[in-house]
Amino acid sequence: MDKNFSGEDNDSIDWDTEDELEIQEITDTTFSSCTNLRSVRRHTVSGHGEASTSSVSCQSKFIQQFIVMGFPEESIAKAIEQNGENEGLVLDALLTFKALEDSLEDQSSASPQLEPCNSSDDSSSQYNESFLDDVYEEDSWSSDSDNCINSAKRDYLKGESSSLSEKEQTLIFLANMGYPAEEASIAMERCGPEASLAELIDFMCAAQMAREDDAYLPEDVKPKLNSGGYKRKMYNEFCTRKKQRAISDEESIPLPKHMIGFGVPTESIPRMVQRTLPEQAIGPPFFYYENVALAPKGVWDTMSRFLYDIEPEFVDSKYFCATARKRGYIHNLPIEDRFPLLPLPPRTIHEAFPLTKKWWPSWDTRTKLNCLQTSIGSARLADRIRKAMKAMENFDGEPPAIVQKYILDECRKWNLVWVGRNKVAPLETDEVEMLLGFPRNHTRGGGISRTDRYKSLGNSFQVDTVAYHLSVLKDLFPNGINVLSLFSGIGGAEVALYRLGIPLNNVVSVEKSEVNRNIVRSWWEQTNQRGNLIDFEDVLQLNGDLLEQLIDSFGGFDLVIGGSPCNNLTGSNRVSRDGLEGKDSSLFYDYVRILDLVKSIMSSRRV
DNA sequence: AGTAGCATGAACGGCCGA
DNA sequence: TCGGCCGTTCATGCTACT
């Protein structure tokens with residue numbers, strides 16, 4: 001039963017117990033105020049015992065929350081059946097089913113139970129009464145929401161108080177869920193009389209998908225993995241030059257359970273204080289490479305192999321600030337005597353956003369935000385949650401566990417915070433800047449849109465985390481540092497070094513996005529940097545000649561730092577998670593190429 | 001034409017019970 | 001040991017609007 005609350009934050013919640021208590025409350029409150037559910041109470045009361053009451057109430061509660069939000073009951077039943085216990089999906093379905101309900105209304109001449117109900121507080125239609133009568137009359141409702149719908153179907157099909165045949169009832173049930181009667185009928189024929197509702201729905205969904213697939217041309221829809229060209233060639237060259245190993249499961253680099261890397265300043269977890277780098281990996285220059293920790297299988301093996309077999313350091317920024325950010329870092333920096341940026345950033349949500357504490361429900365036990373991404377939750381979602389919360393106000397105490405779970409899931413998914421009574425909202429851009437360790441308004445101005453600010457921030461370093469790793473450079477370069485910053489973004493590396501108090505003598509920054517370059521340039525000017533900032537648009541511009549020129553002009557790079565595009569690696573990408581050979585993430589090989597060039601040019605200058 | 005808002009799963013690893 | 005469940009994730013592309 002803990003599947004709804006398997007998270008670390010929810011161990012104290014007992015589904016059944018809590019439900020029982022709340023259910024009683026809700027049913028009591030509900031039935032006095034909602035005519036639509038009178039029939040529910042009637043049948044609850046006439047049920048077959050205690051189990052019946054509580055499990056029927058479970059469904060009442062589940063449905064009630066939507067009724068109070070103003071959704072017609074038929075849509076609710078339909079959405080529930082299609083989406084099971086998934087509250088979010090149910091809500092989404094409710095919002096998109098209106099058109100379908102219209103069509104159901106057309107069918108209602110044949111079936112009076114399909115009459116739409118658009119309001120919860122008007123005198124309820126015949127449909128609502130009869131539908132709920134049928135649905136709720138039996139005693140086999142499980143308090144587990146997983147089983148509620150199946151139980152409903154079983155109860156429904158028992159037909160103890162109905163004159164309709166089993167098949168007719170199933171048809172009506174499916175029709176009420178929004179499926180065309182014809183499709184439902186076909187599905188029942190194909191799946192057989194014993195088929196469960198889930199099977200029938202699966203069948204109809206599959207049929208629908210098949211129809212949609214037919215609309216496409218079968219041949220040219222396959223995505224091209226890679227356009228080939230120089231990157232593939234370069235990859236092959238690398239493969240032949242470096243020692244080659246097949247990527248197999250057994251040598252896949254495991255992600256540590258606690259992502260503290262070689263240590264974090266805030267945890268009293270034993271930390272590694274020394275490591276031995278492969279001979280090839282030792283600088284100069286120092287280098288620091290970053291990417292998402294949760295990349296597809298084998299990616300970190302490949303990256304490690306191309307970066308001198310250095311073991312990646314996996315660190316979650318939740319140990320540094322109030323937001324998670326699981327990243328892997330491959331670098332050849334010393335790991336002794338690191339120190340954190342001061343002041344230490346707020347490490348919990350409440351510390352970071354003290355004003356939200358007032359509105360934070362006790363059952364939202366989050367102390368850290370999840371990974372900040374490139375886009376934010378929609379206003380519509382925030383409003384759905386507000387409405388759901390408001391609906392729950394009618395009941396004393398907290399929302400039912402299932403509502404809590406829905407809201408928490410969405411809050412976790414979109415990093416929503418409580419900003420008012422029953423009100424959640426996505427983080428503002430300046431709040432994201434703060435969480436990531438950038439100065440306020442770092443990305444503001446310069447012609448960048450709000451949407452692009454989120455995108456640029458979502459793609460950047462967590463400054464405190466990176467600074468902790470780079471802190472060892474402070475004593476090594478008291479007179480300043482020359483940095484080659486690849487894929488600079490909004491300048492996370494530069495900001496980190498600056499905040500560490502390491503003078504930036506020469507910074508060669510490579511960044512594709514013009515607005516990001518402007519942001520770094522603007523920051524550079526505003527912080528009165530005395531060094532030189534040279535920026536380039538494309539890593540491809542950095543060939544041997546240019547690098548030689550740059551190295552000769554100021555005596556070499558002390559640090560080559562950057563995180564190549566992650567968009568083909570991250571789990572957030574539903575479209576093109578193609579791994580290291582993806583269109584953008586293959587730029588990793590340019591990081592390797594440039595690092596190799598810098599190393600070899602610098603070693604040639606030393607002899 | 002440019003922008004903002006929105007809907008769109010899958011892959012992965014951890015966990016737990018059979 | 002294995003299978004199922006669960007939580008997490010530096011995003012992409014369509015649509016409506018200005």
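Residue numbers start from 1 in every chain, and the chains themselves are labelled A, B, ... in the order their sequence lines are given, proteins ahead of strands. Keep in mind that the numbers below use all heavy atoms, side chains included, and drop hydrogens, waters and symmetry copies.
- Ranking dA4(B), dA7(B), dT9(C) by closeness to the N370(A) side chain, first place goes to dT9(C).
- Separating the CD atom of Q373(A) from the P atom of dC6(B) is a distance of 17 Å, rounded to the nearest angstrom.
- Counting non-hydrogen atoms under 4.0 angstrom, K455(A) reaches nothing in the nucleic acid.
- Across dC10(C), dT8(B), dT12(C), the shortest atom-to-atom separation from the side chain of V575(A) is found for dT12(C).
- The separation of dG7(C) from dG9(B), taken at their C1' atoms, amounts to 14 Å, rounded to a whole angstrom.
- Among dT9(C), dA4(B), dT12(C), the nucleotide with an atom closest to any side-chain atom of S576(A) is dT12(C).
- For dG14(B) and dC10(C), the P atoms lie 16 Å apart once the distance is rounded to whole Å.
- Taken from SG in C371(A) to CG in N415(A), the straight-line distance is 8.0 Å, to the nearest 0.5 Å.
- Rounded to whole Å, the distance from CZ on F320(A) to C1' on dC10(C) is 17 Å.
- Between the P atom of dC6(C) and the NZ atom of K413(A) lies a distance of 15 Å, rounded to the nearest Å.
- Using cut-offs of 30° and 60° on the angle between ring planes, the pair F306(A) and Y589(A) is perpendicular.
- Nearest-nucleotide assignment on DNA chain B puts the 5′-proximal partner with D452(A), out of D452(A) and S572(A).
- Within the 3.5 Å criterion, the main-chain N or O of R412(A) finds a donor-acceptor partner in the side chain of N370(A).
- In the model, N573(A) has no side-chain atom that pairs as donor or acceptor with a side-chain atom of T570(A) under 3.5 Å.
- The salt bridge (Lys or Arg N to Asp or Glu O under 4.0 Å) contacts involving residues 448-460 of chain A comprise E428(A)-R450(A), E433(A)-R453(A), where partners must be two or more places apart or lie in separate chains.
- Ring pair W300(A)/F314(A): centre-to-centre distance below 6.0 Å.
- Here D301(A) does not pair with R305(A) in a salt bridge; the nearest charged N to carboxylate O distance is not below 4.0 Å.
- Relative to the side chain of R577(A), the nucleotides dA11(B), dC10(C), dT8(B) differ in distance, and dA11(B) lies closest.
- For K297(A), counting side-chain heavy atoms from C-beta on, the closest listed nucleotide (dA7(B), dG13(B), dC10(C)) is dG13(B).
- Comparing atom distances between the T570(A) side chain and each of dT8(C), dC6(B), dT9(C) picks out dT9(C) as nearest.
- Candidate nucleotides dC6(B), dC10(C), dT8(B) were compared by shortest atom distance to the side chain of S378(A), and dC6(B) ranks first.
- Across all strands, C371(A) comes closer than 4.0 Å only to sugar-phosphate atoms, never to a base (heavy-atom distances).
- Here the rule is salt bridge (charged side-chain N to carboxylate O under 4.0 Å, His left out) with D316(A), and of R327(A), K326(A), K368(A) only K326(A) fits it.
- When each of L294(A) and K257(A) is assigned the nucleotide of DNA chain B with its nearest heavy atom, L294(A) is the one assigned upstream, toward the 5' end.
- Residue R325(A) is in base contact, counting any heavy-atom pair closer than 4.0 Å across all strands shown.
- Of the candidates dT12(C), dC10(C), dT8(C), the closest approach to any side-chain atom of N573(A) belongs to dT12(C).
- For R380(A), a side-chain nitrogen or oxygen approaches OP1 or OP2 of dA7(B) to under 4.0 Å.
- We find that D590(A) and R593(A) are joined by a salt bridge, their nearest charged nitrogen and carboxylate oxygen being less than 4.0 Å apart.
- Proximity of K326(A) to the phosphate of dC10(C): no side-chain N or O atom is located under 4.0 Å from OP1 or OP2.
- Among the nucleotides dC10(C), dT3(B), dC6(B), the one closest to any side-chain atom of N459(A) is dC10(C).
- With rounding to whole Å, L416(A) atom CG is found 15 Å from dT8(C) atom C1'.
- T451(A) has a side-chain polar atom (N or O) that falls below the 4.0 Å cut-off from OP1 or OP2 of dA4(B).
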I'd like a table of atom pairs between the protein and nucleotides 15-17 of chain C - only N or O on both sides, under 3.5 Å - with the distance next to each one.
none

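- Heavy atoms of T323(A) sit nowhere under 4.0 angstrom from any nucleic acid atom.
- Note on S375(A): a base of the nucleic acid sits closer than 4.0 angstrom, heavy atoms only.
- L408(A) has its CG atom 15 Å from the C1' atom of dT8(C), to the nearest Å.
- Rounded to a whole Å, the CG atom of N415(A) is 14 Å from the C1' atom of dG7(C).
- Pair check for dC12(B) finds dG7(C); Watson-Crick or G-U wobble, both atom distances under 3.5 Å.
- The only option from Y329(A), F588(A), F461(A), F487(A) that meets the ring pair (Phe, Tyr, Trp, His ring centres under 6.0 Å) definition with Y289(A) turns out to be F588(A).
- Side-chain proximity of K405(A) to dT12(C), dC6(B), dG7(C): nearest is dG7(C).
- dA11(B) atom C1' lies 13 Å from atom CG of L255(A), rounded to whole Å.
- Between R450(A) and dT3(B) there is no side-chain polar atom (N or O) within less than 4.0 angstrom of OP1 or OP2.
- In this structure, the CD1 atom of I490(A) is 16 Å from the P atom of dC10(C), given to the nearest Å.
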